[in-house]
Amino acid sequence: MMLLASHGFMIPCLPRMNSEGMRNRPFYSMRFANVDGVYHVADDSATSHRVQRRRCDCYDHYKQLIPYMEAWCWQKSLVRMRHDLVGRDEDHSDMLIILQHPPVYTLGTGSLEKYLHFNIQDSPYEIYRTERGGEVTYHGPGQLVMYPIVNLRYHKMDLHWYLRSLEEVIIRVLSSTFAIKASRIKGLTGVWVGNKKVAAIGIRVSRWISYHGLAVNVTTDLSPFQRIVPCGLQDREINLLISLFLMIDRNYQRKNLRWGSSSQYVISLLVMQGA
């Protein structure tokens with residue numbers, strides 16, 4: 001998501017939140033600087049005089065499974081905080097939350113229950129109807145979830161542009177990091193390799209502050225997708241980034257890493273390369 005940031009990532013202290021558990025979670029900090037259009041790991045003393053006024057604060061929990069409700073409430077609290085800052089003309093920083101979720105189904109505002117292959121009263125996992133756009137999807141371990149909280153007034157007040165920008169970030173990361181050629185499909189939202197989807201996107205914008213975001217299937221268990229029609233698309237399949245990566249990098253296969261280690265290895269690469 002560095003492509004969305006004006007100068008890069010900086011992790012501040014965690015904001016006040018309703019959940020005691022969330023406040024006390026450990027997190028990892030990274031900082032990147034944009035110097036002459038090139039992103040790199042920043043050294044404060046070397047780059048502070050060249051940093052632009054606007055920045056992006058990254059809450060990096062990508063190694064943790066954070067319950068969906070906690071993350072949802074967290075996003076909404078940050079959006080409320082951003083609205084207050086906008087009112088005082090003090091909204092100087094966009095935000096990015098990176099994490100994984102325990103197994104959960106989420107529905108968009110207008111999602112149809114006909115895309116569920118089970119009784120909604122007897123769901124195999126927790127299920128939430130949210131205010132984001134899009135149809136039903138699944139989140140679970142091994143899926144890299146990113147929630148950009150961006151003030152589009154400072155970028156472009158155009159939701160179609162924003163969706164295409166999120167897609168472009170994933171497409172570029174997959175190309176530069178894994179030499180995987182991903183693309184868009186006209187009329188659909190998300191990122192695809194061939195006819196299979198590797199990243200889903202669903203957003204909400206409140207007074208031009210965006211939240212919710214995107215999910216990249218890295219080593220996710222795909223079986224829960226079989227119990228829904230993902231994103232309401234009957235004739236499209238879901239694919240894993242790890243499967244595509246292993247087809248390309250034979251040296252990686254020879255490392256004989258365990259599946260769990262593989263997940264962290266690929267997710268680490270995604271985060272460090274700009275996801």
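Just so we're clear, the structure is a prediction, and the values are computed from it rather than from any experiment.
- Salt bridge annotation for Glu168-Arg172: present, with a cationic side-chain nitrogen under 4.0 angstrom from a carboxylate oxygen.
- A donor-acceptor pair under 3.5 Å links the side-chain atoms of Ser165 to the main chain of Trp161, judged by distance alone.
- Arg153 is listed as a side-chain neighbour of Arg207, based on a closest heavy-atom distance under 4.5 Å.
- In this structure, the separation between OH on Tyr211 and CH2 on Trp72 is 8.5 Å, given to the nearest 0.5 Å.
- With 3.5 Å as the limit, one finds a donor-acceptor pair spanning the side chains of Glu131 and His212.
- The aromatic ring centroids of Tyr59 and Trp74 lie less than 6.0 Å from each other.
- Lys196 is not listed as a side-chain neighbour of Asn217, based on a closest heavy-atom distance of 4.5 Å or more.
- Here CD1 of Ile238 is found 11.0 Å from CD of Gln226. Values are rounded to the nearest 0.5 Å.
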Under the criterion side chain to side chain contact (heavy atoms under 4.5 Å, CB included), I'd like the reasoning laid out for Tyr138 against Arg227: C-alpha separation, chi angles, the key distance, then a yes or no.
CA-CA 10 Å; Tyr138 166 78; Arg227 307 197 67 171; over 6 Å; no
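- Ring-plane geometry between His101 and His139 is classed as tilted, the angle between the planes lying from 30 to 60 degrees on a 0 to 90 degree scale.
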Test side chain to side chain contact (heavy atoms under 4.5 Å, CB included) applied to Leu159 and Leu152, step by step
CA-CA 9 Å; Leu159 300 189; Leu152 294 178; 4.0 Å; yes
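- If you take CG on Leu107 and CD1 on Ile228, they are separated by 9.0 Å, rounding to the nearest 0.5 Å.
- Between the CD atom in Gln100 and the NZ atom in Lys63 there is a gap of 11.0 Å [rounded to 0.5 Å].
- Taking each heavy atom of Val150 and Asp94 in turn, the nearest pair found is CA-OD1, 3.5 Å.
- We find the SG-CE distance between Cys58 and Met146 to be 10.5 Å, quoted to the nearest 0.5 Å.
- Between Ser111 and Gly134, the shortest heavy-atom distance links the atoms OG-O, 3.1 Å.
- Between Leu240 atom CG and Leu222 atom CG the span is 4.0 Å, to the nearest 0.5 Å.
- One N or O on the side chain of Arg184 and one on the backbone of Arg164 form a donor-acceptor pair closer than 3.5 Å.
- No hydrogens or angles considered: nothing links the side chains of Glu167 and Trp192 as a donor-acceptor pair under 3.5 Å.
- Remark: of the listed residues Tyr105, Phe118, Phe225, Tyr105 is the sole one forming a ring-ring contact (aromatic ring centres under 6.0 Å, His included) with Tyr125.
- With a 4.5 Å cut-off on side-chain heavy atoms, Leu166 and Ile203 count as touching.
- Counting heavy-atom neighbours within 6.0 Å of His160 NE2, excluding the residue itself, gives a total of 12 or less.
- A pairwise comparison of heavy atoms in Cys231 and Glu135 identifies C-CB, 3.4 Å as the closest pair.
- With no hydrogens or angles considered, a side-chain donor-acceptor pair links Ser210 and Tyr162 at under 3.5 Å.
- Between Tyr147 and Leu78 the shortest side-chain heavy-atom distance does not fall below 4.5 Å.
- Smallest separation of non-hydrogen atoms from Gly140 and Thr220: O-CG2, 4.3 Å.
- A 4.5 Å side-chain heavy-atom check between Ile127 and Leu116 finds at least one atom pair inside the cut-off.
- In this structure, the side chain to side chain donor-acceptor pair (under 3.5 Å) partners of Asp221, at least two apart in sequence or on a different chain, are Ser223.
- Looking only at side-chain heavy atoms (C-beta outward), Val145 and Ile66 stay at 4.5 Å or farther from each other.
- The closest side-chain heavy-atom distance from Tyr128 to Val104 is below 4.5 Å.
- With no hydrogens or angles considered, no side-chain donor-acceptor pair links Thr130 and Arg204 at under 3.5 Å.
- Inter-residue side-chain proximity for Thr137 and Arg132 is flagged as met; some heavy-atom pair is nearer than 4.5 Å.
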Determine whether Met81 and Ser77 satisfy the following criterion, side chain to side chain contact (heavy atoms under 4.5 Å, CB included), listing intermediate values before the conclusion.
CA-CA 6 Å; Met81 180 184 75; Ser77 71; over 6 Å; no
Walk me through it: do Glu237 and Asn195 pass the test side chain to side chain contact (heavy atoms under 4.5 Å, CB included)?
CA-CA 7 Å; Glu237 296 182 44; Asn195 197 41; 5.9 Å; no
